[in-house]
Number of protein chains: 2
Amino acid sequence: MLYFCKQVLTYMEKQNTEVRQEQIKQAVLDIIYTEGLKNLSTRNLAKHIGLSEGAIFRHFAKKQDITLAIVRDVQKDLIGELRSIAFSNFDPEDRLNQFLCHTVKYLLDNKGITMLMFSEASRNNDVVLKESLQQVFNSQKQLVSAIVLDGVAIGKWDGSIPVEYIADLYMGIPLSLNIELVLNQGKFQMDNFCQRMLVILLKILKK
Amino acid sequence: MLYFCKQVLTYMEKQNTEVRQEQIKQAVLDIIYTEGLKNLSTRNLAKHIGLSEGAIFRHFAKKQDITLAIVRDVQKDLIGELRSIAFSNFDPEDRLNQFLCHTVKYLLDNKGITMLMFSEASRNNDVVLKESLQQVFNSQKQLVSAIVLDGVAIGKWDGSIPVEYIADLYMGIPLSLNIELVLNQGKFQMDNFCQRMLVILLKILKK
DNA sequence: TAATTTAATGTAAGTGATTACTTACATTAA
DNA sequence: TTAATGTAAGTAATCACTTACATTAAATTA
């Protein structure tokens, strides 16, 4: 192959794949929150970061893998922290408070994450993704159950309502928060949302 | 224009637009539940009914209008019935029971409806659709609040927890149900789901 | 009633836009 | 020198929707 003229291009500064993967995941959440899921194309994604579209596929083999990586982050970051709260040495009421408020804070700090997860889960029938989501969901239920059972065990809370019922109801709280976020898109003013819900949870658990 | 040969085709039996619109809406829900949202293309939709793709657009100008029509059905059918339950002459506890159990039954009978609504709302930034969804959501909150306030007024229930808090928590219940449906896809066995949740609601409201 | 017209409903075969992803090659850090 | 990361310019597939025309039920007219 002969070159008569060597083209000189201005290239995007190179970054290793770990850095780019983080940028890509963050851009996904940004786009979902500010432009909606329908604008979550690989083209728009690349534009947000300032890369070419092809570069995206250097760091994730398939678009779906980005979603999966985000769910893995949730498993590690959110569920990991919730687990350490659930098994800490505070009394059950403090743990429940921290548990709920940390969840609310995480969802507010990572807007769009729940919508991404469930939209992708219902859109693609990806088994791996669906199982990961189930795990995120069930982990929270189990951890809440553990806190409640501790409170019952020390004689502080009422044990007459089956703990699975309470866990099912509990899971509605973060879901409800997310729907509010989607429907009100920013106009959502509820800084004391977690305290509000806690008041009710404690009433449920009261002897 | 000259015809040397008049072509004779076997045509789909003609139906008026009201019938076709119902078939199309039902096919949308079937597809979402059985094949997932990603298979909700106009092509697949037409195939399910046995029509050509073009015929779909005889009955709905845009695909988005199908979703909107389904949300209108929910407003009329579900919210309409919930309203009549909320304002009936039964005592508050019976009304709350009927209200919740009717909602659960509607969602189980129309699987896919919530996923469609919220996925479309977060995907397209359609203002009309989003406002309709907000109305569906807020109507339920208001009706639940009305029942609770009645129970408090007759001195049966505890009025110390603000009724908006309870309404927010209540809305988590149908949302939680839907996530279970999506994640467990058929393996969901919870015929007494509404009774379970009712037990907790009554505990919250107990004096 | 019988013939004719019309409007609604149907079809096949397109349209351009967009999609996720690939390919061939350029650059550069190690 | 090599492997990782970048680019531009593709690819085939799919999307919602359109167009031109066929069929037919029902309304209108003879």
Out of [options], which has the shortest distance to the side chain of [X]?
{"X": "T42(A)", "options": "dC21(D), dC17(D), dA20(C)", "answer": "dA20(C)"}
{"X": "K14(B)", "options": "dC25(C), dT27(C), dA8(C)", "answer": "dA8(C)"}
{"X": "F57(A)", "options": "dT22(C), dT11(C), dG10(C)", "answer": "dT22(C)"}
{"X": "M12(B)", "options": "dT24(D), dA16(D), dT11(C)", "answer": "dT11(C)"}
{"X": "E53(A)", "options": "dT11(C), dG6(D), dC21(C)", "answer": "dC21(C)"}

Respond yes when some side-chain nitrogen or oxygen of [X] is under 4.0 Å from OP1 or OP2 of [N], and no when none is.
{"X": "S41(B)", "N": "dC15(D)", "answer": "yes"}
{"X": "R20(B)", "N": "dG10(C)", "answer": "yes"}
{"X": "H59(B)", "N": "dG10(C)", "answer": "yes"}

Rounded to whole angstroms, how far apart are [atom1] on [X] and [atom2] on [N]?
{"X": "N39(A)", "N": "dT18(C)", "atom1": "CG", "atom2": "P", "result": "11 Å"}
{"X": "E18(A)", "N": "dA4(D)", "atom1": "CD", "atom2": "P", "result": "12 Å"}
{"X": "I31(A)", "N": "dT19(C)", "atom1": "CD1", "atom2": "P", "result": "11 Å"}
{"X": "N16(B)", "N": "dA7(C)", "atom1": "CG", "atom2": "P", "result": "18 Å"}
{"X": "I49(A)", "N": "dT5(D)", "atom1": "CD1", "atom2": "P", "result": "14 Å"}
{"X": "D65(A)", "N": "dC21(C)", "atom1": "CG", "atom2": "C1'", "result": "12 Å"}
{"X": "R58(A)", "N": "dT27(C)", "atom1": "CZ", "atom2": "P", "result": "15 Å"}
{"X": "E35(B)", "N": "dT14(D)", "atom1": "CD", "atom2": "P", "result": "14 Å"}

Taking any heavy-atom pair under 4.0 Å as a contact, classify [X]: base, sugar-phosphate, or nothing.
{"X": "L40(B)", "value": "sugar-phosphate"}
{"X": "R43(A)", "value": "base"}
{"X": "L51(A)", "value": "sugar-phosphate"}
{"X": "Q15(A)", "value": "sugar-phosphate"}

Margin query: To check you understand the geometry: which heavy-atom pair defines the closest contact between L82(A) and Q140(A), and what is its length?
Written below: CD1-CG, 4.0 Å
Next item on the list: Would you name the heavy atoms of F99(A) and I147(A) that are closest together and state the gap between them?
Entry: CD1-CD1, 3.8 Å
Notebook entry, point to check: Paired with dA8(D) by Watson-Crick or G-U wobble geometry, both distances under 3.5 Å: which nucleotide is it?
Noted result: dT23(C)
Item checked: Watson-Crick/G-U partner (both atom distances under 3.5 Å) of dA29(C) -> dT2(D)
Would you find a donor on one side and an acceptor on the other, under 3.5 Å apart, between the side chain of [X] and the backbone of [Y]?
{"X": "S176(A)", "Y": "G172(A)", "result": "no"}
{"X": "R95(A)", "Y": "I85(A)", "result": "no"}
{"X": "N44(B)", "Y": "N39(B)", "result": "yes"}

Item checked: Polar side chain donor-acceptor pair, Q134(B) to N138(B), under 3.5 angstrom -> no
Notebook entry, point to check: Could one point to a donor on the side chain of K63(A) or the base of dT19(C) with an acceptor on the other under 3.5 Å away?
Noted result: no
